[in-house]
Number of protein chains: 2
Amino acid sequence: MSTVDEVQRHVVRGLLRGEFAPGSWLRQDELATRIGVSRVPVREGLQRLAGLGLVRFEPNRGAVVPELTAADAIETYALRRGIEPRLLDQALPRLSIVDLAEAELALEPHEVAASPPDGAGRSSGDLEDGPVRGSPDVAADGPVSGLSPTEANWAFHRALYRAAGWQRGLAMVEILHAAVAPYVLLYTRKLGGAATSHAEHVELLAACRARDRERAQATLADHLDHAETALVDWLRRDHGD
Amino acid sequence: MSTVDEVQRHVVRGLLRGEFAPGSWLRQDELATRIGVSRVPVREGLQRLAGLGLVRFEPNRGAVVPELTAADAIETYALRRGIEPRLLDQALPRLSIVDLAEAELALEPHEVAASPPDGAGRSSGDLEDGPVRGSPDVAADGPVSGLSPTEANWAFHRALYRAAGWQRGLAMVEILHAAVAPYVLLYTRKLGGAATSHAEHVELLAACRARDRERAQATLADHLDHAETALVDWLRRDHGD
DNA sequence: GAGTGAATAATTGCATACGATTTGAGCCAT
DNA sequence: ATGGCTCAAATCGTATGCAATTATTCACTC
């Protein structure tokens, strides 16, 4: 895997785990030393993510994790409603035992103590921790252990969509998931909205096992509706946007 | 506009105009000298496009314009069917006179002699642009002149979708357009399939003017179906995939 | 003490440089 | 001629360095 790929993975993972708070700056030096490369491949990785819309480059200020408005969230879920049902439809008859097993695996609770979003990189000078030392560096992505809720959520959906064989569509949906992940994490931890989501996942998986297209589609539609409502409400209420 | 943005524009434009044939390599030195910068921002721009899926990086071999299979085309149009109707739906009640005028403008015939795909993205050395200063060609996107058919097509759709205010969705659709553009150009020029597409555009614009949602949606659906059929058929027949 | 402006530090964006990898040409043996 | 081997040219990927921009500190005024 190329260095740029590694950088991309590192940052996407960080986003899914809530390590990069919305509005925080992704310091190139910091990422470079953390990953162990120079700033050049770091910048290239960030540019990839910029292409995907997961970060935004501001002239002479670097890359920032975009903050989400309620309107953004509505758009994101509208796009998910446009894409995910088609992916599911395409994948459903092709789902292998492995896919289903992987989805089931992602259903187990995985909550992990993620590095709390420290308002990272925010100019306000309370980064008394000295240089960025001692991050456990996570490394290999082999065993499925210590997934954040959003990581597990994406792993579940991806397992069900992958069989569609739509690389581009899968990438697009991953982006949409990652785009809302920082916020989903926030409201999940505050409101504990994971219960209904989990139940819907179970139901969706059962429908997929039964190859019951109609039930699967209905469940997915409900799932998206509920997730959108929860996020948008939270953005409007607790976030003032 | 940052240098990376300029590179991105340059390459996307080249793709929409058919200047970079599918399968050809995007030589970093060549792009760098053509645009008048070093290879670093060129690479960053290409990485952005890689994030968008418009080019693919192969280790130690650089960036290549991906070739499309019939399956890829089917996926692309499925995604367009998932996204574009929603964009149109959202935009329809918000369309301004300017949007409609812009769409109408894009309807006029614009065929221009594009640099024919010269096989492998080999340097066509007649583009020497002495000064290292930012080349003033290409310029802003103000006047609509000399658009390739695919550029005009995208300009038309963009004009109708922009009012939705969905930045991410618009970007996604642009990617989908650019991804098939090289092939659409090829079969358009060979088979002259532009006639029905143009008629559908006219009809779609009229429906939008009348704020006739149902008619607009039906027209768009037909439009996508026809475009997909034409492309997929061509890929299967004349391209052997 | 709050506001202001210059000096300093931190950070970015890009050019250059160089080792590493791939491509291609020439040469030899078969 | 054809296939394989060697070496040179082309090209890539990344580290380093530097000018330019932005952020922060701090002395100074009111």
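Bear in mind the structure is a predicted one, so any value in this text is a computation, not a measurement. Numbered from 1 within each chain, the chains take letters A, B, ... in sequence-line order.
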For the pair made of [atom1] in [X] and [atom2] in [N], what is the distance, rounded to whole Å?
X     : N      : atom1 : atom2 : answer
A:F57 : D:dT21 : CZ    : C1'   : 15 Å
B:R39 : C:dG13 : CZ    : C1'   : 16 Å
B:I35 : C:dA15 : CD1   : C1'   : 15 Å
A:L26 : C:dT11 : CG    : C1'   : 14 Å
B:L46 : D:dG13 : CG    : C1'   : 13 Å
B:W25 : C:dT21 : CH2   : P     : 17 Å
A:E44 : D:dA15 : CD    : P     : 10 Å
A:L31 : C:dG13 : CG    : P     : 13 Å

Is a salt bridge present between [X] and [Y], judged by a nitrogen-to-oxygen distance below 4.0 Å?
X      : Y      : value
A:D5   : A:R48  : yes
A:E30  : A:R27  : no
A:E174 : A:R158 : no
B:E84  : B:R86  : no

Margin query: Determine whether A:L54 and A:I175 satisfy the following criterion, side chain to side chain contact (heavy atoms under 4.5 Å, CB included), listing intermediate values before the conclusion.
Written below: CA-CA 7 Å; A:L54 290 187; A:I175 297 326; 4.0 Å; yes
Next item on the list: Report which part of the nucleic acid A:S2 touches: base, sugar-phosphate, or nothing (heavy-atom distance under 4.0 Å, all strands).
Entry: nothing
Notebook entry, point to check: If you look at every strand shown and take non-hydrogen atoms under 4.0 Å, does A:E58 touch a base, only sugar-phosphate, or nothing?
Noted result: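 Sugar-phosphate: the residue A:E58, judged by heavy atoms under 4.0 Å, touches backbone atoms but no base.
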Would you say a side-chain N or O of [X] is under 4.0 Å from OP1 or OP2 of [N]?
X     : N      : answer
B:Q28 : D:dG13 : yes
B:T3  : C:dC14 : yes
B:R27 : D:dC12 : yes

Check: Mapping B:N60 and A:N60 onto DNA chain D by nearest heavy atom, which one lands closer to the 5' end?
Finding: B:N60
Checklist line | Of the listed nucleotides C:dT22, C:dC14, D:dG13, the one nearest the side chain of B:R43 | finding: D:dG13
